[in-house]
Amino acid sequence: MTEKSKEILDKLADVIIENKKHLTKLDSAIGDGDHGINMARGFKEVKEKINGNNYETNQELLKSVAMTLISTVGGASGPLYGTAFLYISKVIPDADFTIDSLIEIGQSAVDGIQKRGKAEQGEKTMLDAIIPAVDALKESKENGDDLEEALQKCKVKAEEGMKATIPMQATKGRASYLGERSIGHQDPGATSSYLMIKTIVDELYKYKD
Amino acid sequence: MTEKSKEILDKLADVIIENKKHLTKLDSAIGDGDHGINMARGFKEVKEKINGNNYETNQELLKSVAMTLISTVGGASGPLYGTAFLYISKVIPDADFTIDSLIEIGQSAVDGIQKRGKAEQGEKTMLDAIIPAVDALKESKENGDDLEEALQKCKVKAEEGMKATIPMQATKGRASYLGERSIGHQDPGATSSYLMIKTIVDELYKYKD
Amino acid sequence: MKKKLVNNPDHVVEEMVEGIVLADPDKLSKVEGYNVVVRKDSPNEKVALVSGGGSGHEPTHAGFVGEGMLDGAIAGDVFTSPTPDAVFEAIKAVDGGKGVLLVIKNYTGDVMNFEMAAEMAEAEGIEVDHVVVDDDVAVEDSLYTTGRRGVAGTIFVHKIAGAKAEAGAELAEVKEVAEKVIKNVKTKGMALYPCRVPSAEESTFTLDEDEIELGIGIHGEPGTERTEIMKADDILDELLGSVIEDLPYESGDDVALMINGMGGTPLMELFVANRRANQVLEEKGINIYKTFVGEYMTSLEMAGVSVTLLKLDDELKELLDAPTEINIMK
Amino acid sequence: MKKKLVNNPDHVVEEMVEGIVLADPDKLSKVEGYNVVVRKDSPNEKVALVSGGGSGHEPTHAGFVGEGMLDGAIAGDVFTSPTPDAVFEAIKAVDGGKGVLLVIKNYTGDVMNFEMAAEMAEAEGIEVDHVVVDDDVAVEDSLYTTGRRGVAGTIFVHKIAGAKAEAGAELAEVKEVAEKVIKNVKTKGMALYPCRVPSAEESTFTLDEDEIELGIGIHGEPGTERTEIMKADDILDELLGSVIEDLPYESGDDVALMINGMGGTPLMELFVANRRANQVLEEKGINIYKTFVGEYMTSLEMAGVSVTLLKLDDELKELLDAPTEINIMK
Ligand SMILES: Nc1ncnc2c1ncn2[C@@H]1O[C@H](COP(=O)(O)OP(=O)(O)O)[C@@H](O)[C@H]1O
Ligand SMILES: Nc1ncnc2c1ncn2[C@@H]1O[C@H](COP(=O)(O)OP(=O)(O)O)[C@@H](O)[C@H]1O
Ligand SMILES: [Mg+2]
Ligand SMILES: [Mg+2]
Ligand SMILES: [Mg+2]
Ligand SMILES: [Mg+2]
């Protein structure tokens, strides 16, 4: 069971590493220009860690990812993503993912990030990509969408959420020092979150049958 | 009697101040780029000093110039020119200048500079302009030249001496750190010395009858 | 500014930490495997003080590890807050059973990483508390921002809380005096020229040859205002004016004054700045109890200055004057 | 680098000196009308130590005025030796009847101006002697030059002669120990970026974006070699190599090590340099008795570093360790 999760995480790490420059550039505009550097450093370690170890359960695997991120990313994103994965590790099943389990996973990530960073939606952070994605899954559940449909909607909402950070004024994180000057730039953390959600969705999609 | 000397010194100060940039530029090439700044600072003070005071004798006047230079020029040239003028003040007569008294004045300047700086001719310093000028006066005396002729020869020799510093390698002062790289540049101190000698000669010439 | 005296930029923090410990091997040691500097005699039977943050602000933080100030300092990557595991290692290394106070500068990353470390330490039964320094008056302090940044005023927190801990106070008392300092300390800085982190190709920001930035942070974060270059006295009037009116500091107050160089500023210029600061404070009737001129909280080779005032009462004076091994705080 | 934190460049030295004294008004005072800083408690009943030179090398010289080091310091214009009358004022202010030792750096101007001041003082019955520091191994030491320049090694002369004077020694003894230091101290420096004097439009020299200068002096005088930028360890190997072979320092020797920043170098880089210096000295079996890392002898905002070694015997160790009010030499 952990093989599939490992593959997804490995792919996710690759995508983040590929986007190192892009994320750093976004952070230069409204932060301190290290988001891509921080994330790439962390996910390089994640790749080494998970490929060099065997895990009995997804819980173990995710906890290992969390601890690796926490101890290598640094900055604001390190503890936030680290806590997100730690919270996920507490709920992730070993069985195949369902809409229900994905909602639980997504909500845990949000809970972890909010516990740590005390931000709400609309403050121009990673939450602005993640919360809409989780909300989409919840809606799909109510609407009775199938997993495939739900995943597609989830990805679309994450992307919309990321783009919606452009006109926002930051009130959390380093970008908040800029006040109104933070308006007009896409949030780097929302961008990395979207990239992760997109990758997870695309990978799950591969295995959908 | 001091009126005439005052006028000469005032003119001499003007020439140095006018050549501030030129002297500084020469010093930038082989020194630390401050010779013009140092000299102009000092001679500005000299002008104020001598024009704001009355002196009974040339000795008093020259001593005042010496003390002003010593306390305002700084660097290497300050004590050297200061001592030169101090030595001159000990021998300068109140009577009209003769070849004899000019030799005595010139020799005193050389003695003062050598006492202070312990340099010989040929080390790429101010002495390379002054010593030939004094030598010219001595020769004129032997040849029985009249004052007018002697002054002209003195000026020519000072200029030749200044130019002769170009191919020399400096072995005294800051330029000596450059070793062989000091070759090919005209010495700033020799240049300021030539300018002073030239000015004195030209001024004396005015009063020649 | 492309040239730097470094080897591989990826190892610069580790090599720096080694160099710091080698400069004072009798008093400092490095926690194996981490960029953490602690007093060699750790743990001591007193409340321990730990601080840290991104590197590039030297002598902050490791330069303040020593008797009378910090017990441990964590050096993150350049301008990047350190990770919780490193902070946790520092806490473990210095805890002598009387608890540990973390002095955190108010940056989201720093706050979160230190809080996580505190949770780890508490899970192991170590008593941990923290204070957050936010002395930079250039940032608007509103409920709708992450609040003000922690800058040079942090050094006074280290000094005074350090003296209190050395005197045998309990964790709550050390925290209390640290918070008193935080309430009474304000800073504003400016830059003439930017800095560049060793791993980056370009400076974090750029300034024209006739332009300066007022209210800048210590990572080259944008300030409040870009203006034409002014003369030193006018710059000082501007910085000190903002600082004074913020608390506000008033006639009759006793203060400590810090004129802090940002890394690339000649000391000559800091003294010119100090002269004007003295004139302004004298005019306002504010008494300078003690002056610190030098580099305390830098931003790599950034050229510029920050001005800090700390309002002192009798307790703070005594603790500021208390002995410390840290030379530049004597 | 066109922007500076100054007012009128013509007054920068005077304003700086005022700022220096205002930073420590209980211990320092300015001689009225001169850019001269002296211990406030001058004259003392001991041999007095006086040094000085052009400004722009801060904390040298005024920063070393205090118990255990200098009694007085004269600040000339930027990079221009001070005039004899100012030196004479310093001598008069500090002479307590046991004589005055002048510590002169080996530059023609400095030597002559100080010698003239000494003559003035002697004419007034003050006993004066002097030593000339020439520790810069980058300059060839031959009978046909003015000899080597005095650079960062001067600080060790101040410290050790200062301690000897404080201990009550006679003028001749203080001079003797100063000369012992001079004989055993060697320095070599390098620059990554040049400096600019406040009154000038341009830097004293220029360096390309991939070029460094080895063996440079503290006024931007040309060095021994211009090379491509190298990594820190290679630069240190080069500088320290020249220094070691010059005395030479040998296996078993005890030394004091100074890693001196030239003004614009981040402390981070100085510690990276210190790490390598420690490795090299350890390889050679040379024991570091005490390390000094920081800014001691600067050249305005020049970026770069110099490395100084002082070979120590028991007497020098004791005097190096003797108490002083000067924080950065503790
Ligand atoms: N309180 C917060 N809650 C959620 N996300 C946050 C918070 N603060 C910052 N972030 C996210 O972190 C990102 C910046 O991460 P990074 O650049 O790695 O850290 P730092 O800001 O410390 O340099 C921001 O773009 C934002 O999305
Ligand atoms: N020992 C010496 N004897 C005579 N002249 C000297 C000596 N040393 C230096 N000089 C002269 O001084 C000039 C430099 O003066 P200046 O630039 O004002 O002083 P500094 O070298 O201290 O900056 C040189 O060009 C040289 O002519
Ligand atoms: Mg960032
Ligand atoms: Mg010169
Ligand atoms: Mg960061
Ligand atoms: Mg000079």
Side-chain angles (χ1 to χ4, degrees), chain C residues 1-8 12-13 15-20 22-25 55-56 58-59 63 78 192-193 195 198 207 209-212 229 231-233 235 259 263-276 278 288 291-293 295 298 300-301 303-305 327-328 330, chain D residues 1-8 12-13 15-20 22-25 55-56 58-59 63 78 192-193 195 198 207 209-212 229 231-233 235 259 263-276 278 288 291-293 295 298 300-301 303-305 327-328 330:
Chain C
M1 309 283 278
K2 301 265 177 198
K3 291 173 278 183
K4 288 197 176 272
L5 192 68
V6 299
N7 298 302
N8 181 342
V12 67
V13 173
E15 292 183 0
M16 170 189 78
V17 168
E18 283 177 29
I20 289 172
L22 284 167
D24 209 355
S55 292
E58 293 67 33
V78 180
L192 293 154
Y193 287 98
C195 58
L207 282 169
E209 263 308 330
D210 60 350
E211 211 180 34
I212 60 173
I229 172 80
K231 63 193 185 76
D233 286 358
I235 290 172
I259 304 287
T265 322
L267 207 42
M268 168 179 279
E269 300 178 20
L270 298 185
F271 283 117
V272 169
N274 182 50
R275 170 179 169 275
R276 183 60 185 171
N278 271 259
I288 304 175
T291 305
F292 299 83
V293 180
E295 295 187 338
T298 63
L300 294 168
E301 71 274 58
V305 66
N327 287 331
I328 58 172
K330 280 177 181 169
Chain D
M1 309 281 279
K2 301 267 176 199
K3 291 174 279 182
K4 288 196 176 274
L5 192 69
V6 299
N7 298 300
N8 182 341
V12 67
V13 173
E15 292 184 0
M16 171 189 78
V17 168
E18 284 177 30
I20 289 172
L22 284 167
D24 211 355
S55 292
E58 292 67 33
V78 180
L192 292 155
Y193 287 98
C195 58
L207 283 169
E209 263 309 330
D210 60 352
E211 211 179 34
I212 60 173
I229 172 78
K231 63 194 185 72
D233 286 358
I235 290 172
I259 303 287
T265 322
L267 206 43
M268 168 180 278
E269 300 177 20
L270 299 185
F271 283 117
V272 169
N274 182 50
R275 170 179 169 275
R276 183 60 186 170
N278 271 260
I288 304 174
T291 305
F292 300 83
V293 179
E295 296 187 338
T298 63
L300 294 168
E301 71 274 56
V305 67
N327 287 331
I328 57 172
K330 280 177 181 168

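Computed over heavy atoms, backbone and side chain alike; hydrogens, waters and symmetry mates excluded. Below, chain A is the first sequence line, B the second, and so on; all start at residue 1.
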side-chain hydrogen bond (donor to acceptor under 3.5 Å, both in side chains) filter on D/Lys330, not counting sequence neighbours, yields D/Asn327

In short, C/Leu5 meets D/Leu192 closest at the heavy-atom pair N-CD1, 3.9 Å

The test is side-chain contact (heavy atoms from CB on, under 4.5 Å); show your working for D/Val272 and C/Val12 and say whether it passes. CA-CA 7 Å; D/Val272 169; C/Val12 67; 4.0 Å; yes

Rounded to the nearest 0.5 Å, the CD atom of D/Glu301 sits from the CD atom of C/Glu269 at a distance of 6.5 Å

Okay, D/Val17 and chain C: the region with an atom under 4.5 Å from a heavy atom over there is neither

Scored by heavy-atom pairs under 4.5 Å with chain C, the best of D/Ala273, D/Gly304, D/Pro266, D/Cys195 is D/Pro266

So, the part of D/Pro59 with a heavy atom under 4.5 Å from chain C: the answer is both

By side-chain hydrogen bond (donor to acceptor under 3.5 Å, both in side chains), C/Arg275 pairs with (sequence neighbours left out) D/Glu18

So, the part of D/Ile288 with a heavy atom under 4.5 Å from chain C: the answer is neither

Worksheet item: Sub-3.5 Å donor-acceptor pair from the side chain of D/Asn7 to the main-chain atoms of C/Asp233, do we have one?
Response: yes

Comparing C/Arg276, C/Glu58, C/Glu295 against chain D, the one with the most heavy-atom pairs below 4.5 Å turns out to be C/Glu58

Most contact-rich option vs chain D, by heavy-atom pairs under 4.5 angstrom, among C/Asn274, C/Ile235, C/Val293, is C/Asn274

Check: C/Glu211 main-chain N/O paired with D/Lys3 side-chain donor or acceptor under 3.5 Å = yes

Checked D/Leu300, D/Asp24, D/Thr265 vs chain C; the most non-hydrogen pairs under 4.5 Å come from D/Leu300

Smallest heavy-atom separation, C/Met268 atom then D/Ser55 atom, equals CE-CB, 3.9 Å

